[in-house]
Amino acid sequence: MFEALTQRRYLMPFKAARLPQQVTDVLVIGGGVAGLRAAIAASEYADCLILAKDTIEQSNTWYAQGGIAAVLQPADSYELHIKDTLSVGAGLCNQKAVELVIREGPERVLELLTWGAQLDKEPGNAHDLAFTREGGHSYARVVHADGDSTGKEVAQTLINTVRSRESIRVCANTFVIDLLTDGGRCLGALALINGQVNLIWAKRTILATGGTGQLYRESTNPKIATGDGLAMAWRAGATLQDMEMVQFHPTTLYVAGSSRTLITEAVRGEGGYLVDRTGHRFMPDYHPMAELAPRDIVARAIITQIRETNYTHVYLDVRHLPTAKFRARFPQLSRLCDQFEIDLSKDLIPIHPAAHYMIGGVDANEIGQTSLKGLYAVGEVACSGLHGANRLASNSLLEGLAYGFRAGGHAGQEAAGEAVTVPPSLEHRIPPSMKTELDITDVTSSLRSIMWRNVGIERTGDRLIETREIIAFWSRYVMDKIFDPAVLGPAAIPGWEIQNMLAVCALITTAAYTRSESRGAHYRLDYPARDDEHWRLHLLWRRPLETPIPEPVD
Ligand code: FAD
Ligand code: SIN
């Protein structure tokens, strides 16, 4: 079925001896929270190179709004945060991962303050920090910055720290095409640097390439989130886990002509309501936690309400909240609403759900090691087991900090005592394509539309099969192409991205079809119940398998 996708080990042909080569101790692919934190930890022991495909500011991290969840207040407890995480994770969390991230969380957040992070203050609270609540949390434990710009502050703090370390080099605007492997070990990466394909040999490689939001037509993620890391890890032979688990955020601004900007869940945490076109506040009809129910429940309730009212969207209502206080608490959202002449004291804010977070990913243990020797995976690209079948709000910046620290420290120490391995020869040949010319923009937008329609918030077996067949068909003529940067220049990048997107979409769709139950973020209209007897299982993928392997939860 997916022959075209499984055939190719590398996206482009190369002969190592003919390419420029670089060497580093630790290679970090990705400059978001997880990659930056990993590099800082690795730099204590070894030299480190960070690669990012756009500017260092273009990451999901930069756009994070609501905050970071951590147990910092005396009346809160690790046990409560663990319980909330497990409960939202719907039976698929790895208890060990949950415990370690939550218990190490406060230290990781407080060290950001020592590096200069300006988190919002409320004198009298623990550490004088302001806290908010988000969906699924039983306590107000989410710290934030500049109201709703937490990610920017976290990223900037880490970028400044990285820049202060001599042993870290950053190479932005560098597209990583594939991981290099030889003898079952990851040895670095093949990357496009300044228009030239380079080989980067590394003693340890840390994959921190973030999410996959761009696989869907409606998405909160920036353009960089095309799932490259998942596809390259899969091609290199690493095990992937729970690819059917994609999280949809309930509230993005729904205004024609505007990008689908996320409206933080903290708006509901601070008292915002969800109402339909008739003005009915519907969330109490769906869940006792109303607007603060776990986000899969809120996203599905919105879709149902949209259907029942025969409309295109629902609304956030903040008219009952004091406007000046609201504007001070959510400055970014207030500015956005101003741009569309939405008066927060009088008007409703039109919203719609969108693809937000990739829960599944590269299977990684408690120090981020993957099944492929020499390769670690951290942050959104990884599946550490923290989120299970659904992610608790504001747990992912925390995960990036915790696993970045762990993996980076381990990789740095291991690399410090070793010599770099460069195989005597490495090459990959691909026969030239005989098939049709390609309109990449058209394939990409068609893929994003079909994923949103058929592999989104609500799924059914027949639509999933149809989508698999379509992806297999498109793959036949997209996957045989060689996007040669020597000929195409930077235009090769969208070609590699669509090849990666097709691979990741195939895995998500097949896993979603295989899991014939509903659990957490995965909702099957034809199997609406959670089925613990048959499905308290992870689904694992390893190339060249075309169907996932079930594995019991730890
Ligand atoms: P990212 O921050 O996405 O970084 C990925 C990096 O990989 C980038 O530097 C990118 O250039 C690089 N990369 C990707 N592919 C390649 C390639 N082929 N070659 C080279 N480099 C590559 N989480 C919370 O906990 N709290 C929040 O309040 C919150 N709000 C959010 C709001 C929005 C709008 C979004 C989109 C997400 C939000 N999240 C939030 C989720 C959270 O931001 C992300 O899960 C997290 O930041 C991911 O961090 P990361 O380091 O794994 O990846
Ligand atoms: C938000 O601010 O609503 C996003 C939080 C998250 O995704 O964790």
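First listed ligand is number 1; within each ligand, the first listed atom is number 1. What you see is a predicted model, and the numbers here were worked out from it, not measured in a lab. This chain uses plain numbering: 1 for the first residue, then up along the sequence.
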Salt bridge (charged side-chain N to carboxylate O under 4.0 Å, His left out) partners of D120, counting only residues at least two apart:
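If we apply the salt bridge (charged side-chain N to carboxylate O under 4.0 Å, His left out) test to D120, skipping adjacent residues, there are no hits.
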
Backbone or side-chain N or O of [X] under 3.5 Å from ligand 1 N or O:
X: V176; value: yes
X: I68; value: no
X: G66; value: yes
X: V33; value: yes

Reported CG-to-NE2 distance for the pair D296 and H249, which is rounded to 0.5 angstrom
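If we round to the nearest 0.5 Å, D296:CG and H249:NE2 are 12.5 Å apart.
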
Between [X] and [Y], does at least one N-O distance fall below 4.0 Å, as a salt bridge requires?
X: D228; Y: K53; value: yes
X: D178; Y: R8; value: no
X: R391; Y: E399; value: no

Which protein non-hydrogen atom lies closest to [atom], naming both residue and atom, and how far is it?
atom: atom 31 (C) of ligand 1; answer: A64 CA, 3.3 Å
atom: atom 27 (C) of ligand 1; answer: G67 O, 3.5 Å
atom: atom 2 (O) of ligand 2; answer: T264 OG1, 2.6 Å
atom: atom 23 (N) of ligand 1; answer: S396 OG, 2.9 Å
atom: atom 48 (C) of ligand 1; answer: E380 OE1, 3.7 Å
atom: atom 8 (O) of ligand 2; answer: S394 N, 2.6 Å
atom: atom 15 (N) of ligand 1; answer: D228 OD2, 3.4 Å
atom: atom 14 (C) of ligand 1; answer: T209 O, 3.3 Å
atom: atom 8 (C) of ligand 1; answer: G31 N, 3.7 Å
atom: atom 3 (O) of ligand 1; answer: N60 N, 3.0 Å

Donor-acceptor pair, distance only, cut-off 3.5 Å: does the side chain of [X] make one with the backbone of [Y]?
X: E291; Y: R268; answer: no
X: R295; Y: A299; answer: no
X: S43; Y: A41; answer: no
X: T252; Y: H352; answer: yes
X: E366; Y: A97; answer: no
X: E153; Y: Q118; answer: yes
X: Q499; Y: K481; answer: yes
X: Q332; Y: D148; answer: yes
X: H522; Y: A389; answer: no
X: D47; Y: V26; answer: no

Run K223 and E497 through salt bridge (Lys or Arg N to Asp or Glu O under 4.0 Å) and show every step you take.
CA-CA 11 Å; K223 295 270 178 254; E497 284 177 336; over 6 Å; no

Under 4.0 Å, counting heavy atoms only: does [X] come that close to any atom of ligand 1?
X: G229; result: no
X: N221; result: yes
X: Q247; result: no
X: E399; result: no

Please indicate whether any nitrogen or oxygen in G67 is less than 3.5 Å from any nitrogen or oxygen in ligand 2.
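The answer is no, given that G67 and ligand 2 share no N or O pair closer than 3.5 Å.
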
Do any nitrogen or oxygen atoms of S396 come within less than 3.5 Å of a nitrogen or oxygen of ligand 2?
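Among all N and O atoms of S396, none is under 3.5 Å from an N or O of ligand 2.
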
Taking heavy atoms and a distance under 4.0 Å, where does E57 meet ligand 1: side chain, backbone, both or neither?
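For E57, there is no contact with ligand 1 at all, from either part.
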
Answer with side chain, backbone, both or neither: which part of K53 has a heavy atom less than 4.0 angstrom from an atom of ligand 1?
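For K53, the contact with ligand 1 is made by both the backbone and the side chain.
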
Taking the minimum heavy-atom distance to [atom], which of [options] ranks first?
atom: atom 3 (O) of ligand 2; options: E265, H144, Q247; answer: E265
atom: atom 4 (C) of ligand 2; options: R268, R295, R391, Q65; answer: R295
atom: atom 4 (O) of ligand 1; options: G30, G32, G211, G361; answer: G32

For the residue pair [X] and [Y], establish whether any side-chain heavy-atom pair is separated by less than 4.5 Å.
X: I342; Y: P350; answer: yes
X: L19; Y: N198; answer: no
X: I508; Y: M358; answer: yes

Touching ligand 2 at all, A266? Heavy atoms, strictly under 4.0 Å?
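Not so, A266 does not reach ligand 2.
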
Heavy-atom gap A393 to ligand 2 smaller than 4.0 Å
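For ligand 2, residue contact (heavy atoms, under 4.0 Å) with A393 is present.
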
Give the atoms of ligand 2, by number and element, whose distance to some non-hydrogen atom of H249 is under 4.0 Å.
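Near H249, meaning under 4.0 Å from one of its heavy atoms, ligand 2 has 1 (C), 3 (O), 4 (C).
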
Contacting atoms of ligand 2, where contact means under 4.0 angstrom from a heavy atom of E134:
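Those qualifying, in numeric order: 5 (C).
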
Kindly state each residue pair satisfying side-chain hydrogen bond (donor to acceptor under 3.5 Å, both in side chains) with at least one member in residues 207-217, sequence neighbours excluded.
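Output for this query lists Q214-R448.
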
Provide the number and element of each atom of ligand 1 under 4.0 Å from a heavy atom of [X].
X: G379; value: 52 (O)
X: A208; value: 5 (C), 6 (C), 7 (O)
X: T174; value: 19 (N), 20 (C)
X: Y357; value: 45 (O)
X: G210; value: 3 (O), 5 (C), 52 (O), 53 (O)
X: N395; value: 25 (O)

